There are 2 protein chains.
Amino acid sequence: MSEKISPAVIRRLPKYYRYLEELESKKIDKISSSQMSIEMGLNASQIRRDLNCFGGFGQQGYGYSVEKLKKEIARILGLDQRYNVIVIGAGRIGQALMGYKNFMLEGFNVVDIFDNDPAKVGTEVLGREVMDVARLSSYLEEKNIDIAIICTPKEYAQQSADLLVSFGIKAIWNFAPTDVAVRRGVAVENVHLSDSLYVLSYKLKEKIKGTGI
Amino acid sequence: MSEKISPAVIRRLPKYYRYLEELESKKIDKISSSQMSIEMGLNASQIRRDLNCFGGFGQQGYGYSVEKLKKEIARILGLDQRYNVIVIGAGRIGQALMGYKNFMLEGFNVVDIFDNDPAKVGTEVLGREVMDVARLSSYLEEKNIDIAIICTPKEYAQQSADLLVSFGIKAIWNFAPTDVAVRRGVAVENVHLSDSLYVLSYKLKEKIKGTGI
DNA sequence: TAGATTGTTAATCGATTAACAATC
DNA sequence: TAGATTGTTAATCGATTAACAATC
């Protein structure tokens, strides 16, 4: 597995990817670390170091091929694969994520949505019938699901995760405002929207303070 | 303003806050850094150091008062204030955020939602009429809005931000999949949902690789 | 007082940046 | 070849952790 890649580098990869998509849409086919540095607001050394973690994608005296680099980063992130995704919790956030087109473009295919509320089960969300979480076990046995998105209230988040993991789910994207714990071997990303809002609130306060008011 | 607080510390504050809320709901009224360390998965030294950035909230030989500590962190994050919030973009994400009850509990009051699509303007979203972005200028002159949430497609994100800033908005919470740039003096938090999904995809790949398959 | 736990300094670790040799 | 730019090592910076004196 060669060298362990640092989490800091991994978190920057999507940003590189977005930037490269933009270059591609502008028909730019080569780019240097110093130009990226200016446009992305990162240090050029850092960019070269980051990209070099995965192999020498660049060429001295020339720079990086946009197409090649984008393809490599996609491969590293696993965006060259297709994923079947389910949503747990048919509230507004769950429904919104189910319909988020941008994910589909990159191979994340949201196939079904579940809830435990009898009032919601059976109703239609974006052309899909909301399924009962009670059917999750048999559902997951049949279908090949890669990722589950947890959009339940926080009280249900951990037990949902436990259930999903016990049925073999290997990746959880958690939107409930609590950290979910899983055994080693299962991937989790906690999103924590309100954390981000609180940080914004802090920053706002600092800005106002800065003006001397 | 004493010492500059590091961004890493700020990002942990919401997590402390969530944890303290939980303790409070369990009627626990004191806590030590070592207990927090076990339950939060952070290093005890780090916790004491973090909390000490803002003043000596603890008491030697005793620990921290849950109530006092929670109140202090709320104050630091600015959660003791009330904020008026508007949403730009009445798509599914915008609507979901508008209805997200958890924010309201902490003083973030989403008052109106805007869109530039004539088909959406005038329709009702959660009991609120979608307003035309063209009316933003006069609207912001009248009302006292603190935070704008950008939920537009990425093509509109930067121009929305520019507009909002020119009308005096001081804090932007951006959900469009692109970084928005603003002048110094304006606070921005970029959320980037797909970045987080890509990182999950990477982690999943690593986990699968780890099993030797 | 003795025990516990904070606040804080010193040591370590990891991440970023600068510098430059390698090479296209 | 000369110029440009990467890949990579060395230097710096910042964040985490360990250790312990202060003190409740």
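A quick note: this is a predicted structure, and the numbers were derived from the prediction, not measured. In what follows, every chain begins at residue 1, and chains take the letters A, B, ... in the order their sequences are listed.
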- Query: What class does the angle between the rings of B:Phe108 and B:Tyr83 fall in, given that below 30° is parallel, 30 to 60° is tilted and above 60° is perpendicular?
  - Reply: parallel
- Query: Side-chain contact, heavy-atom cut-off 4.5 Å: B:Ile150 with B:Leu164?
  - Reply: yes
- Item | Worked check of salt bridge (charged side-chain N to carboxylate O under 4.0 Å, His left out) between B:Arg18 and B:Glu39 | CA-CA 12 Å; B:Arg18 268 189 282 120; B:Glu39 292 178 14; over 6 Å; no
Which residues in [range] have a heavy atom closer than 4.0 Å to any atom of DNA chain C?
range	result
residues 6-22 of chain A	A:Ser6, A:Pro7, A:Arg12
residues 24-38 of chain A	none
residues 55-67 of chain A	A:Gln59, A:Gln60, A:Gly61

- Message: Salt bridge check, B:Lys203 against B:Glu206: does any charged N sit closer than 4.0 Å to a carboxylate O?
- Response: no
- Message: By the ring-ring contact (aromatic ring centres under 6.0 Å, His included) test, which pairs, at least two apart or in different chains, include something from residues 7-33 of chain B?
- Response: A:Tyr198-B:Tyr17
- Task: Can you tell me which residue pairs pass the ring-ring contact (aromatic ring centres under 6.0 Å, His included) test with a partner in residues 145-168 of chain A, sequence neighbours excluded?
- Result: none
With a cut-off of 3.5 Å and sequence neighbours excluded, list every side-chain donor-acceptor pair involving residues 54-69 of chain B.
{"unit_1": "B:Ser65", "atom_1": "OG", "unit_2": "B:Lys68", "atom_2": "N", "d": "3.0"}
{"unit_1": "B:Glu67", "atom_1": "OE2", "unit_2": "B:Lys71", "atom_2": "NZ", "d": "3.3"}

- Can you tell me which residue pairs pass the salt bridge (Lys or Arg N to Asp or Glu O under 4.0 Å) test with a partner in residues 151-162 of chain A, sequence neighbours excluded? none
- Query: Can any side-chain N or O of A:Gln95 pair as donor or acceptor with the backbone N or O of A:Ala90 at less than 3.5 Å?
  - Reply: yes
- Dot-bracket, DNA chain D: Watson-Crick or G-U, under 3.5 angstrom, [ ] crossing, | other strand? ..||||||||||||||||||||||
- Item | Residues forming a side-chain contact (heavy atoms from CB on, under 4.5 Å) with A:Lys27, sequence neighbours excluded | none
- Can you see which heavy atom on A:Val110 is nearest to which on A:Met98, and at what distance? CG1-CG, 3.8 Å
- Query: Which residues satisfy the ring pair (Phe, Tyr, Trp, His ring centres under 6.0 Å) test with A:Tyr202, sequence neighbours excluded?
  - Reply: none
- Could you walk me through whether A:Asp112 and A:Arg128 pass salt bridge (charged side-chain N to carboxylate O under 4.0 Å, His left out), step by step? CA-CA 7 Å; A:Asp112 276 302; A:Arg128 287 260 140 202; 3.2 Å; yes
- Task: Could you list the residues that satisfy salt bridge (Lys or Arg N to Asp or Glu O under 4.0 Å) with A:Asp146, not counting sequence neighbours?
- Result: none
- Item | Positional range of nucleotides in DNA chain D within the contact set of chain B, heavy-atom, under 4.0 Å | D:dA15 to D:dC24
- Message: Show, in sequence, the C-alpha distance, side-chain angles and deciding distance for A:Glu106 and A:Lys70, and conclude whether the salt bridge (charged side-chain N to carboxylate O under 4.0 Å, His left out) test is met.
- Response: CA-CA 13 Å; A:Glu106 298 297 346; A:Lys70 179 171 165 259; over 6 Å; no
